[in-house]
Amino acid sequence: MPEAAATGRFVLDLPHSEAALALAGSAEQTLHQLEALTGASLVMRGLQLEMSGSLVQIERAAAVVELVRPIWQDAQAVSLVDLQSALGALNTGQAEDHVAMGDQVLARNQKGNLLRPRTLRQKKYVDAMERHDLTFALGPAGTGKTFLAAVLAVRMLMDRKVERLILTRPAVEAGERLGFLPGDLQQKIDPYLRPLYDSLHALLGPEKTTSMLERGVIEVAPLAYMRGRTLAGAFVILDEAQNTTPAQMRMVLTRLGERSRMVVTGDVTQQDLPLGQLSGLVEAAEVMDGVAGVAVCHLTAADVVRHPLVQRVVEAYASFDEQAHPSTVHGISLLTGPE
């Protein structure tokens with residue numbers, strides 16, 4: 001990378017117009033976000049990005065741009081999450097880990113976007129799923145817990161490392177009664193499973209998803225349907241696991257068969273269990289932590305990859321919960337993971 005000029009100006013040449021657009025963002029929104037994060041002034045002129053300001057500001061801005069190079073170089077839009085993650089890696093001396101993350105492309109979705117971990121904790125989560133037969137992922141909504149698991153599961157399915165994909169979640173009533181919903185049993189249950197279908201559609205497309213569901217290669221079912229089964233040769237994803245009871249959690253964990261892998265995801269701050277009921281996810285994460293072949297991953301608000309406002313919503317509620325009920329949520333002790 002060329003050195004910043006003594007006059008406080010640095011010019012970066014971009015390879016093509018698609019890269020320039022991906023880095024600048026719509027109405028140069030991404031550049032404005034990078035300006036706010038680093039204090040440098042950024043202007044896109046054709047295929048040149050001009051940076052000006054103090055040497056420290058320029059160096060930080062140039063370093064962030066370099067860390068997100070794998071994204072914009074592939075003409076993929078750079079988001080605020082990407083910028084914050086890169087800056088955080090610089091601040092904590094983890095730039096090399098961030099570079100490795102940029103090269104970790106998992107798949108390409110139906111819109112042609114490359115799918116990769118977006119934060120270092122997401123990268124550790126993906127690495128854990130690849131290395132362990134059982135992985136727990138605890139964290140707030142929007143941190144990619146279920147989606148990253150689905151991406152890896154579909155990739156392993158396509159590579160014939162597993163024979164089928166099973167996605168399940170508990171059908172816990174969140175203020176509504178199943179009996180009052182219209183339709184037969186399957187129609188009543190489908191709304192609880194819709195997020196899992198959405199992930200599959202984003203990765204495979206509706207037609208291929210439907211075909212694989214009809215052939216039984218992919219199964220989406222409520223947790224109650226897992227009882228009594230042995231899940232061999234499968235990649236199993238248990239979603240919304242904070243709504244399992246300890247008995248249900250023990251049941252599903254003991255379903256794991258040969259050549260199988262399981263990922264259990266959940267947000268312990270969003271439980272729909274009866275007040276005072278211990279979450280099976282909270283208990284299992286504590287019991288299984290440190291067991292050979294098992295990984296327990298903790299994601300935080302900093303890993304939220306939805307609308308930027310979601311991150312602030314999660315942080316605001318976390319602060320409120322801590323003040324109102326220190327170390328507890330819904331009457332149960334919380335497990336705090338490493339940052």
### Query
Looking at side-chain heavy atoms only, is the closest gap between T265 and Y125 below 4.5 Å?
yes
### Message
For residues V220 and V217: do they belong to one hydrophobic cluster (side chain heavy atoms under 4.5 Å, members Ile, Leu, Val, Met, Phe, Trp, Tyr)?
### Response
yes
### Summary
Here the pair of heavy atoms bringing L120 nearest to M101 is N-SD, 3.8 Å
### Task
For residues 13-40, pull every pair meeting salt bridge (Lys or Arg N to Asp or Glu O under 4.0 Å), keeping only residues two or more places apart or in separate chains.
none
### Hydrophobic cluster membership, M262 vs V291, 4.5 Å side-chain cutoff
yes
### Message
So C297 and Q122, do their side chains get closer than 4.5 Å, heavy atoms only?
### Response
no
### pair E283-R250: side-chain heavy atoms closer than 4.5 Å
yes
### Query
Hey, what do you get for OG1 (T300) to CZ (R121), rounding to the nearest 0.5 Å?
3.5 Å
### Task
Using modelled atom types only, decide if a donor and an acceptor are shared between the side chain of E240 and the backbone of G266 within a distance under 3.5 Å.
no
### Task
Calculate, to the nearest 0.5 Å, the distance between atoms NZ and NE2 belonging to K208 and H201 respectively.
13.5 Å
### Residues S79 and R118: side-chain donor-acceptor under 3.5 angstrom
yes
### Query
Does atom CZ of R227 have more than 12 heavy-atom neighbours, drawn from other residues, nucleotides or ligands, at distances under 6.0 Å?
no
### Message
For R45, is the CZ atom crowded, meaning more than 12 foreign heavy atoms sit under 6.0 Å from it?
### Response
no
### Any V264 side-chain heavy atom under 4.5 Å of T135 side chain
no
### Message
Determine whether a donor-acceptor pair (N or O, by modelled atom type, separation under 3.5 Å) exists between the side chain of R255 and the backbone of R229.
### Response
yes
### Query
Donor-acceptor pair, Q57 side chain versus S54 backbone, under 3.5 Å?
yes
### Message
Could you tell me if the side chain of M212 sits less than 4.5 Å from the side chain of V154, heavy atoms only?
### Response
no
### Message
So does N243 get a backbone contact from the side chain of S279, meaning a donor-acceptor N/O pair under 3.5 Å?
### Response
no
### Query
Has the side chain of D289 got a donor or acceptor atom that lies under 3.5 Å from a matching backbone atom of E286?
no
### Query
Distance-only, no hydrogens or angles: does the R116 side chain make a donor-acceptor pair with backbone N or O of G102 under 3.5 Å?
yes
## Note on the structure
The salt bridge (Lys or Arg N to Asp or Glu O under 4.0 Å) partner of E130 among R155, K123, K161 is R155
### Message
For a side-chain contact (heavy atoms from CB on, under 4.5 Å) check, start with the C-alpha distance between L238 and M226, then their side-chain angles and the critical distance, and finish with the verdict.
### Response
CA-CA 10 Å; L238 170 56; M226 299 298 108; over 6 Å; no
### Task
Locate the shortest heavy-atom distance separating A75 from A22; write the atom from each residue and the value.
C-CB, 3.8 Å
### Query
Is the side chain of S199 donor-acceptor paired with the backbone N or O of A150 at a distance under 3.5 Å, no angle test?
no
### Query
Going from CD on Q76 to CG on N113, what distance comes out if it is rounded to the nearest 0.5 angstrom?
5.0 Å
### Message
For a quick test of reading the model, state the closest non-hydrogen atom pair linking L273 to Q242 and the distance between them.
### Response
CD1-O, 3.4 Å
### Query
Among the clusters formed by ILVMFWY side chains lying less than 4.5 Å apart, do L47 and L23 turn up in the same one?
no
### Minimum-distance pair of heavy atoms, taken over all atoms of A141 and V304
O-CG2, 3.7 Å
### Task
For the pair S52 (side chain) and R9 (backbone), establish whether a donor and an acceptor sit closer than 3.5 Å, ignoring hydrogens and angles.
no
#### Entry: Backbone of V268 reached by a side-chain donor or acceptor of Q271 within 3.5 Å
yes
### Message
Would you say that T168 contacts Y225 through its side chain, given a criterion of any heavy-atom pair below 4.5 Å between the two side chains?
### Response
no
#### Entry: Chi angles and distances behind the side-chain contact (heavy atoms from CB on, under 4.5 Å) call for L34, V78
CA-CA 10 Å; L34 184 53; V78 178; over 6 Å; no
### Query
Quick one: are V263 and F235 in side-chain contact, heavy atoms under 4.5 Å?
yes
### Message
To the closest 0.5 Å, what do you measure between CG (N109) and CG (L204)?
### Response
10.5 Å
## Note on the structure
Tightest non-hydrogen contact, residues H98 and D82, listed as NE2-O, 4.4 Å
### Value rounded to 0.5 Å, distance of CG in D198 from OG1 in T209
10.0 Å
### Message
Rounded at 0.5 Å granularity, tell me how far CG in D133 sits from CG in L256.
### Response
6.5 Å
### Query
Does the side-chain contact (heavy atoms from CB on, under 4.5 Å) test come out yes or no for M129 and R261, once each step is laid out?
CA-CA 8 Å; M129 288 190 289; R261 188 165 308 215; 5.7 Å; no
### Task
For L115 and L203, run side-chain contact (heavy atoms from CB on, under 4.5 Å): C-alpha distance rounded to whole Å, both residues' side-chain angles, the deciding distance at 0.1 Å, then the answer.
CA-CA 10 Å; L115 303 176; L203 295 169; 3.4 Å; yes
### Closest non-hydrogen atom pair, M51 against V65
CE-CG2, 4.0 Å
### All side chain to side chain contact (heavy atoms under 4.5 Å, CB included) counterparts of D267, not counting sequence neighbours
P140, T269, Q270
### Backbone N/O of G88 and side chain of T92: donor-acceptor pair under 3.5 Å
yes
### Message
For a 4.5 angstrom cut-off between non-hydrogen side-chain atoms, does V252 reach T244?
### Response
no
